[in-house]
Amino acid sequence: MVSTHPRHSLCTPGDVYRADCPCRGLLDLLADKWSALVLGALETGPLRFGALKARLQGISPKVLTAVLRRLEDAELLSRTVYPAVPLHVEYELTELGYDACVPLAALRRWVEANVERFPAR
């Protein structure tokens, strides 16, 4: 079946090298360190903001908020607000988010297995 979605009609294999390819924005989002780590942290299930921040050592609240918004805009995760005092917000991967985790998890495993092969930083 051929997709009629406007973004799909603009992308064919190899187009990501074109400056005007819409795939570039998605590649930028998924190749971002914090995006990849947020998605990985959510693989085991929904988490609240505080739990995500604790899991992702070194991320500032401002950066985490921005990353969560970008991932939600891309429909890679969903945000659920539970009315309570204080407000209870959970973040959870969507089906698309789980799909994106497959290659990202492989990349994380490869990096962890090969980090010693790279020059010390």
Side-chain angles (χ1 to χ4, degrees):
M1 177 176 179
V2 177
S3 174
T4 58
H5 192 285
R7 283 187 288 191
H8 296 173
S9 62
L10 297 175
C11 293
T12 58
D15 281 356
V16 74
Y17 298 103
R18 287 190 359 239
D20 64 343
C21 181
C23 297
R24 286 222 180 155
L26 294 172
L27 184 59
D28 178 56
L29 175 62
L30 293 172
D32 174 74
K33 168 184 73 175
W34 291 120
S35 292
L37 292 174
V38 165
L39 291 171
L42 290 171
E43 279 184 288
T44 57
L47 291 172
R48 293 174 67 171
F49 185 91
L52 273 169
K53 186 174 175 324
R55 177 92 192 268
L56 303 172
Q57 296 178 7
I59 194 168
S60 71
K62 181 180 177 180
V63 170
L64 180 55
T65 298
V67 169
L68 290 168
R69 285 185 183 148
R70 287 183 69 201
L71 293 171
E72 184 181 11
D73 288 345
E75 299 181 9
L76 291 163
L77 61 81
S78 63
R79 179 179 181 267
T80 304
V81 179
Y82 297 94
V85 178
L87 203 59
H88 178 137
V89 179
E90 282 188 347
Y91 298 90
E92 183 174 17
L93 293 176
T94 62
E95 184 179 341
L96 184 62
Y98 277 109
D99 288 348
C101 283
V102 174
L104 293 173
L107 180 59
R108 284 192 312 272
R109 285 190 303 272
W110 184 88
V111 168
E112 289 172 341
N114 291 281
V115 69
E116 73 281 350
R117 296 173 62 192
F118 289 88
R121 300 187 108 213

Taking only distance into account, with no hydrogens and no angle test, what donor-acceptor pairs under 3.5 Å do side-chain atoms of residues 25-40 form with protein atoms, sequence neighbours excluded?
from, atom 1, to, atom 2, distance (Å)
D28, OD2, R70, NH2, 3.3
D32, OD2, W34, N, 3.1
D32, OD2, S35, N, 2.9
D32, OD2, S35, OG, 3.3
S35, OG, L29, O, 3.1

I'd like a table of donor-acceptor pairs (distance under 3.5 Å, sequence neighbours excluded) in which one partner is a side-chain atom from residues 92-99, with atom names and distances.
from, atom 1, to, atom 2, distance (Å)
T94, OG1, E75, O, 2.6
T94, OG1, L76, O, 3.2
T94, OG1, L96, N, 3.4
T94, OG1, G97, N, 3.1

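Every residue two or more places apart in sequence or in another chain that forms a side chain to side chain donor-acceptor pair (under 3.5 Å) with R108 is listed here: E43. Residues satisfying the ring pair (Phe, Tyr, Trp, His ring centres under 6.0 Å) criterion with Y82, sequence neighbours excluded, are H88. Residues satisfying the side chain to side chain donor-acceptor pair (under 3.5 Å) criterion with R117, sequence neighbours excluded, are N114.
Linking ILVMFWY residues whenever their side-chain heavy atoms come closer than 4.5 Å, directly or via other members, leaves V115 and L107 in distinct clusters. Cluster membership for W110 and V102, using ILVMFWY side-chain heavy atoms within less than 4.5 angstrom, is not shared. The hydrophobic cluster containing V89 also contains V63, counting ILVMFWY residues as joined when their side-chain heavy atoms lie under 4.5 angstrom apart, directly or transitively.
Residue L68 comes nearest to F49 through the heavy atom pair CD1-CD1, 3.7 Å, listed as atom of the first residue, atom of the second, then distance.
Residues in residues 44-65 take part in no salt bridge (Lys or Arg N to Asp or Glu O under 4.0 Å) pair, two or more places apart or across chains.
One finds the CG atom of L77 at 12.5 Å from the CD atom of E90 (value rounded to the nearest 0.5 Å). Note that CZ of R79 is 8.0 Å distant from CZ of R69, once rounded to the nearest 0.5 Å.
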